[in-house]
Amino acid sequence: MERGKMVYEGKAKRVYEVAQPDAYLVEYKDDATAFNGEKRGSIAGKGEINNRLSAIFFQMLEKRGVRTHFLGHVSAREMLVRRVRIIPLEVVTRNIAAGSLAKRLGLEEGGKLSSPVVEFYLKDDALGDPLINRSHALALAIATREQMDELEQSALMVNEILRAFLLEKGLLLVDFKLEYGVLPDGRIVLADEISPDTCRLWDVNTNEKLDKDRFRRDLGKVEEAYHEVLSRVEAGGTL
Ligand code: UDP
């Protein structure tokens, strides 16, 4: 597919215009960053793996009634998506205490949460993506009350679907980050990506980390972890 103008370059993806006016081409890169861009590196094969995994997850979610921006697979590193206006929120859902939640609340990493937690972070690199609550989002006119409800309900539904699916593959869905976009007609769709860059995934038996924390925390075997997730997700069929 012919690429038009590049409209956006992020840490892990580039977005291009295409002839189809309501679509964008997304190219997944091997580049990896952490700690708000302070740590930089590359994970060989990541772009292809994240493109493949995101496509699998988006298609699975669509089948179960979650609207996404996914339109189709284009090549090993590229997918076609709907053009949306990204809502500047990172919607994080957690099943097990880890990362910033464990730190903020003084919980031990790996501690089970009695019910899933949904959090909103403002997408703002200069501010370091601060944690905000619903009334902040309303006050900043980022979304309406109804849209905030929809984001929370959607994130919880995605959590249930992904958690059950991944558990069958021997993976614990510890936590993950979603981004949503708005279509020209005002409907909200799940956007961005779902991959080991944006999810914490632990082996169900050993709690071994099989996600970007291996890069963030210099745990080694980073490429192997991404390959392991893909092969488990693809084993035994995906849909
Ligand atoms: N996450 C992400 N992008 C971000 C921040 C977090 O994809 O900019 C994901 C992260 O991979 C994890 C979840 O969101 O699965 C929760 O991250 P957390 O708040 O614990 O932040 P961390 O301690 O990883 O910085």
Side-chain angles (χ1 to χ4, degrees), residues 1-31 46-93 118 120-125 129 137 140-162 165 176-199 230 233 238-239:
M1 183 174 295
E2 195 149 336
R3 291 177 184 174
K5 197 177 84 182
M6 185 171 80
V7 290
Y8 171 80
E9 175 156 18
K11 293 159 196 153
K13 298 187 286 300
R14 293 189 191 95
V15 179
Y16 297 89
E17 287 181 351
V18 284
Q20 194 179 326
D22 58 354
Y24 281 135
L25 187 79
V26 176
E27 180 198 12
Y28 285 74
K29 304 192 285 185
D30 287 350
D31 298 357
K46 175 170 85 76
E48 289 190 20
I49 292 174
N50 285 359
N51 183 41
R52 179 92 194 105
L53 282 170
S54 289
I56 290 169
F57 293 140
F58 284 140
Q59 287 173 90
M60 191 182 66
L61 289 166
E62 287 274 358
K63 280 208 167 180
R64 288 161 176 73
V66 179
R67 255 195 324 265
T68 79
H69 72 159
F70 182 75
L71 288 172
H73 170 83
V74 174
S75 72
R77 282 177 184 276
E78 297 168 319
M79 64 168 61
L80 195 68
V81 304
R82 286 178 217 281
R83 280 194 195 195
V84 296
R85 174 181 63 77
I86 291 286
I87 299 172
L89 291 175
E90 298 195 337
V91 183
V92 170
T93 307
V118 179
F120 299 100
Y121 294 82
L122 179 65
K123 266 171 70 74
D124 186 322
D125 283 343
D129 297 345
L140 297 174
I142 289 169
T144 64
R145 202 177 289 277
E146 293 70 32
Q147 287 176 327
M148 294 304 289
D149 286 343
E150 189 177 337
L151 294 181
E152 182 164 346
Q153 280 163 19
S154 172
L156 288 170
M157 183 169 166
V158 171
N159 184 43
E160 290 313 313
I161 296 168
L162 284 185
F165 172 81
F176 61 100
K177 184 263 303 182
L178 299 176
E179 295 185 24
Y180 289 85
V182 184
L183 292 170
D185 67 7
R187 284 182 303 164
I188 290 177
V189 295
L190 182 59
D192 195 48
E193 68 175 280
I194 305 176
S195 73
D197 273 11
T198 61
C199 301
L230 180 63
V233 164
T238 51
L239 302 174

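Bear in mind that the values here come from a model prediction, so they are computed numbers and not experimental data.
- In this structure, L156 and E152 have side chains that are in contact, with non-hydrogen atoms separated by less than 4.5 Å.
- Scanning all heavy atoms of the two residues, the minimum distance from V91 to A155 falls at CG1-CB, 3.7 Å.
- For E62 (side chain) and T68 (main-chain N/O), a donor-acceptor pair under 3.5 Å exists by modelled atom type.
- In this structure, the separation between CG on L183 and CZ on R82 is 6.5 Å, given to the nearest 0.5 Å.
- Taking 4.5 Å as the limit, every side-chain heavy atom of M1 sits out of range of all side-chain heavy atoms of E78.
- For the pair V26/E193, no side-chain contact is recorded, criterion being any heavy-atom separation below 4.5 Å from C-beta on.
- Between R14 and E27 a salt bridge is recorded (basic side-chain N to carboxylate O distance below 4.0 Å).
- Under the 4.5 Å side-chain criterion, counting only non-hydrogen atoms from C-beta, M79 is in contact with Y28.
- Looking at D197, D192, D129 one by one, the single match for side-chain hydrogen bond (donor to acceptor under 3.5 Å, both in side chains) with K177 turns out to be D192.
- Judged by distance alone, the side chain of S154 and the main-chain N or O of L151 form no donor-acceptor pair under 3.5 Å.
- No side-chain heavy atom of P88 sits less than 4.5 Å from a side-chain heavy atom of D124.
- Side-chain contact check for Q20 versus R83: every heavy-atom pair is 4.5 Å or farther apart.
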